[in-house]
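Values below: every heavy atom of this structure, side chains too, minus hydrogens, waters and symmetry copies. Numbers here are sequence positions counted from 1.
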Amino acid sequence: MSGLRPGDITDEMIQAMDTARRQGLQKDLRALAASIRADAEGRYDGAEPGWRSGVEWTLLWIENTASQLTEGRP
């Protein structure tokens, strides 16, 4: 069995791990937004004022955060 030594991990490997982590988090955030959107559907009619705008703001914030995770990255 061969073990990895500190010099065995290249910058490319580190970058690939970081990219995978960011993409996974991005996917999770988008799944969360979809779940919130699905739960909120049909609830707008009887909701108090501000509830709808709060949900929409939250969904926009989640999507912006998810987009920034891979923006400008290889």
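- Remark: S67 engages R30, E63 in a side-chain hydrogen bond (donor to acceptor under 3.5 Å, both in side chains) (not counting sequence neighbours).
- The CG atom of L25 sits 5.0 Å away from atom CG of L69, with the distance rounded to the nearest 0.5 Å.
- Distance check, rounded to the nearest 0.5 Å: CD1 of I36 to CD of E56 gives 12.5 Å.
- Residues that satisfy the side chain to side chain contact (heavy atoms under 4.5 Å, CB included) test with L60, not counting sequence neighbours, are N64.
- Remark: R37 engages no residue in a side-chain hydrogen bond (donor to acceptor under 3.5 Å, both in side chains) (not counting sequence neighbours).
- Remark: W61 pairs with W57, T65 by the side chain to side chain contact (heavy atoms under 4.5 Å, CB included) rule, at least two apart or across chains.
- Heavy-atom minimum distance, A33 versus I62: CB-CG2, 3.9 Å.
- Considering every non-hydrogen atom in both A40 and V55, the closest pair reads CB-CG1, 4.0 Å.
- S35 is linked by a side chain to side chain contact (heavy atoms under 4.5 Å, CB included) to D39, counting only residues two or more places apart in sequence or in another chain.
- For the salt bridge (charged side-chain N to carboxylate O under 4.0 Å, His left out) test, residues two or more places apart in sequence or in another chain that qualify with D8 are R5.
- Here the straight-line distance linking atom CD1 of I14 with atom CD of E12 works out to 9.0 Å at 0.5 Å rounding.
- Here the CZ atom belonging to R21 is positioned 4.5 Å from the CG atom belonging to D18, to the nearest 0.5 angstrom.
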